[in-house]
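Take a look at the structure set out below.
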Amino acid sequence: MTNKRRKRGISGLFVLLLSMLIILSTTILTGYLFFKEKYKGSAVAYSTNLIKSLPSSGMERTIAKLFYTDEEINRIQNGTSIVEDTQQITQDNGDGIEIHRLKGTSYQAVMMLVKNPEDLMVAVNPNLDSSGAGLSLDEYIELNNGIAGINAGGFEDAGGNGNGGQAWGIVISDGKLVSGNLNDFTSVIGINYNNELVVGDMSAKQALEWNVRDAVTFGPIFINQFKVVFENGRHPGLNPRTVIGQREDGTFLLLVIDGRQPVSFGATYQDIIKIMQDFGAMTAANLDGGNSTVMVHDGKTLNSTVSIYGARNLPTAFVVKKGE
């Protein structure tokens, strides 16, 4: 009886120890997966922001070092990406369009290169400045026999419920002023008859005299003739962005940056300038962003929009026409 009791005692102890080991292993694994998701998980921008705010020592930093080296932590805290802002996935579509997917410390973005500058135009709401709603980007592309596009100028948008019927500033289409007044002095972003990007503060009359064929109003202007003209003291924070630029060879640069999402908080103006300079922009300017930011190619939306109302009605759009 004594041996049997001893064996049962040993067996029971073994089961207890095994159970405790399983519980301990499960707890450690659960904790590891929790902190991995927290510090290096799918919500990239959220994780990056946590790393940026880590103290120089302590338990939080010790846990974070399970997933990052000291060098990686320092690089994030100094404002550079773990993988550099130049990390890209590139797609050449054989239609004069090249698409780059970019990843920075606080954002995910898509850069579209339009290699044939004559293919880019401003599409305009046919009911502009009336009570009639604007169109979605998909509709502008279809209406103008396009293949791709981004949103363009600003519009009246009280409470985020604007219907794209009332544009901000001026709109020029095919050499004609279709919204605003000749003497309105605004931040103009346009394309002239030489298919060159024209940016700057000017009146509609001046823009027409300078042979601008298509234009919208927004801003600020970031780069002009390779010179950064943006006021460095202004810091509007992280947000979704839409940007247009042009290289010296005529290639248009169309950029959208996701924002207000766990995987992408958005970008600052300084982030935009760096991206545009990395792509060789001679000229670059900010377009309407926020909930309006959208890019479409070949019927597919390439970015993650944040409008709770779905595809927004827009007063204007930059549309890439199908090549002949």
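None of the values given here were measured: they were computed from a predicted structure. Throughout, residue positions are numbered sequentially from 1 according to the sequence presented.
At distances below 3.5 Å, not a single donor-acceptor pair connects side-chain atoms of Asp258 with backbone N or O atoms of Ala109. Between the side chain of Asp278 and the main chain of Ile275, no donor-acceptor pair closer than 3.5 Å is present. Between the Asn116 side chain and the Glu118 main chain, no donor and acceptor come within less than 3.5 Å of each other. Proximity of a side-chain donor or acceptor of Thr268 to a complementary backbone N or O of Gly237 within less than 3.5 Å is not detected. Judged by distance alone, the side chain of Ser106 and the main-chain N or O of Gly266 form a donor-acceptor pair under 3.5 Å. Using a distance-only test at 3.5 Å, with no hydrogens or angles considered, no donor-acceptor pair links the side chain of Ser292 to the main chain of Asp288. No donor-acceptor pair closer than 3.5 Å links the side chain of Asp184 to the backbone N or O of Gly180. Not a single donor-acceptor pair under 3.5 Å links the side chain of Gln246 to the backbone N or O of Val198. Within the 3.5 Å criterion, the main-chain N or O of Arg247 finds no donor-acceptor partner in the side chain of Thr251. Judged by distance alone, the side chain of Asn144 and the main-chain N or O of Gly146 form no donor-acceptor pair under 3.5 Å.
Under the 4.5 Å side-chain heavy-atom criterion for ILVMFWY residues, no single connected hydrophobic cluster contains both Tyr193 and Trp210.
Leu128 approaches Ser179 most closely through the heavy-atom pair CD2-CB, 3.6 Å. When all heavy atoms of Met276 and Ala284 are compared, the closest pair comes out as CG-CB, 3.9 Å.
Residues Phe265 and Tyr107 keep their aromatic ring centres 6.0 Å or farther apart.
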Check against side-chain hydrogen bond (donor to acceptor under 3.5 Å, both in side chains), Asn192 and Arg213: CA-CA 5 Å; Asn192 65 20; Arg213 64 167 166 86; over 6 Å; no
Residues Asn163, Arg312; criterion side-chain hydrogen bond (donor to acceptor under 3.5 Å, both in side chains); working and verdict: CA-CA 8 Å; Asn163 68 357; Arg312 300 218 65 187; over 6 Å; no
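Applying side chain to side chain donor-acceptor pair (under 3.5 Å) to Thr293 and the options Asn303, Thr242, Asn151 leaves one that passes, Thr242.
The aromatic rings of Phe218 and Trp168 sit parallel, their planes meeting at an angle under 30°, below the 60° perpendicular limit.
No salt bridge links Asp298 with Lys300; every basic N to acidic carboxylate O contact stays at or beyond 4.0 Å.
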